[in-house]
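Right, one structure below, let's go through it.
Chain A is the first sequence line, chain B the second, and so forth, proteins listed ahead of strands; every chain is numbered from 1.
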Amino acid sequence: MTDHIVASVDELEEGGRIITQLNGREICVFNIDGEYYAYNNWCAHQAGPVCEGNITGTTEASFDPESLEVSLEYCHEGEILNCPWHGWEYEVKSGKCLSRQKVQLPSYPVRIEEEEIIVTL
Amino acid sequence: MSQQAQRKESIQDTTIVDTDVHLSVPAKEVAKYTDEPYRSHMANTGYAPLPSSGWDRNLAGKIEHYTVQSPEDVQQRLCEEFQIDYPILNATSKLPRLPQSDLAVNLMSAYNDLLIDQYLDEYNHFYGLASLATQKPDKAAEELDRLGDEDQIVGAYIATTGPNPPLGDPEYDILYQAAQDNDIHIAYHGSGGAFMFEFPRQNQSFEKFIEVHTMAHTWSQMMTLSSLLVHGVPEKFPDLNFTFLEAGIGWIPMMMFRLNKEYSIRRSEAPLLKKSPEEYIREFYFASQPIGEANDPTHMKQLIDMVGVDALTFASDYPHWDFDHPDALEQYLSTFDEEGRQKVMYKNASDAFALEL
Ligand code: FES
């Protein structure tokens, strides 16, 4: 396990991301609401550059058996990472894939020390 | 080189022919190759001159919208990034849907001239499919005769969602004859864009593109394949190869076995056939994309085995939002020997289109 300094905190504002090469891998660090998350830039589907995708919300639905109504909600705005190749959706805070229960982006611990963003690989 | 380009060595070391690569040609660009009055029409219209169903394919920004608008795009983004050695390009898929058949005929030669001039002349390892307007089969035949000497035009691209009657009808025999005479093989391609206008009326009540897109290509190709066999097209034109693009492969065993059953009962309705439907289908070629995503990968391997390594070709469908990277197919080929792998990645496509690799 090695620590890598990726950037200083003022280089990564909220909602932003930095993609960098560490040990021959492309690693992306996101800043979502002041929390930092690091993933491989490698989609579980066909290995597309998942971390380069748009961050949006998503649509959820619920069914009310009483009224037989379906209600739609656009939610998690700013929390869904969409792979740019085919649109697989991931929760950017957990790396979990929304359509495949067992799929998860490999993640790495990130911490801040003396205003520097450090990823452990 | 991006991380995505530094893939498995097996991909880098394999020759790959990609049978389905789409160009995005702006109306103004194709206008340069048309005659008046179509030139002014194409150059000035703000209205998309080719019909489209208008679905939001990019899911409101969830999927990146890629286009290929220059030979360098093909070279860098597909050939280099995906390690494709020989892309087979097509320039438009919508001609058979155009109600204005005179415009369709004029655009047919315009797209083909553009493909040759702007793409095939630029790179020797690019091949192309001539787009055909099926509304006037005699004009399509003339176009094939015109293109007969173009070495890099290896096939004819026929959109299967749209032509009416279905493509086995004897009205198209003149087109198939010209294709056979010019050694230009046939590639059929369905589309989600025209599907809503065609087929049973219930289609028009689908509310989500996921429904349309699951059905459209496969359904168009099933209709085409039935029509070809029942009219005996492979018997009439024995030197033509037929390739089916962009319907995946799950439908193929179903069509083989179901047609076998129907044919045993109703042979008298398809009297030109000399052998079982399955035997003809085993002489056709089928492109892999969109490769299915079975929950159990062994099921995909069984499916590939049923379709057969002699029939399967690789296609990416780049740059469309449902394209496949070569890895997506390659991972299922491990159970086949090296010869089988090579057939799928390039030899079958080379045979199907008589490529000189
Ligand atoms: S590679 Fe990410 S969605 Fe396909």
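Counting heavy-atom neighbours within 6.0 Å of B:K301 NZ, excluding the residue itself, gives a total above 12. Within 6.0 Å of CG in B:D56 there are more than 12 heavy atoms belonging to other residues, nucleotides or ligands. Within 6.0 Å of the CD atom in A:E77, the count of heavy atoms belonging to other residues, nucleotides or ligands exceeds 12. Heavy-atom neighbours of B:E207 CD from other residues, nucleotides or ligands within 6.0 Å: at or below the threshold of 12.
Rounding to the nearest 0.5 Å places CD of B:E293 at 9.0 Å from OG of A:S99. Here CG of B:L59 is found 9.0 Å from OG1 of A:T59. Values are rounded to the nearest 0.5 Å.
Sorted by first and then second residue, the ring-ring contact (aromatic ring centres under 6.0 Å, His included) pairs involving residues 13-44 of chain A (not counting sequence neighbours) form an empty list. Residues in residues 87-121 of chain A take part in these ring-ring contact (aromatic ring centres under 6.0 Å, His included) pairs, two or more places apart or across chains: A:H45-A:W88.
The choice from A:C83, A:G48, A:G24 that makes the most heavy-atom pairs within less than 4.5 Å of chain B is A:G48.
Of the two parts of A:I80, only the side chain, counted from C-beta on, holds a non-hydrogen atom closer than 4.5 Å to a non-hydrogen atom of chain B. Contact annotation for B:F82: only side-chain heavy atoms (C-beta onward) come within less than 4.5 Å of a heavy atom of chain A. Contact annotation for A:R100: only side-chain heavy atoms (C-beta onward) come within less than 4.5 Å of a heavy atom of chain B.
Within residues 9-17 of chain A, no residue has any heavy atom less than 4.5 Å from a heavy atom of chain B.
Side-chain contact annotation: B:D324 with A:Q46, donor-acceptor N/O pair under 3.5 Å present.
A side-chain donor-acceptor contact under 3.5 Å links A:H86 to the backbone of B:F323. In this structure a side-chain-to-backbone donor-acceptor pair under 3.5 Å is missing from B:K62 to A:G53.
With sequence neighbours left out, B:L357 forms a side-chain contact (heavy atoms from CB on, under 4.5 Å) with B:V17, B:Y86, B:Y127, B:Y346, B:S350, B:L355.
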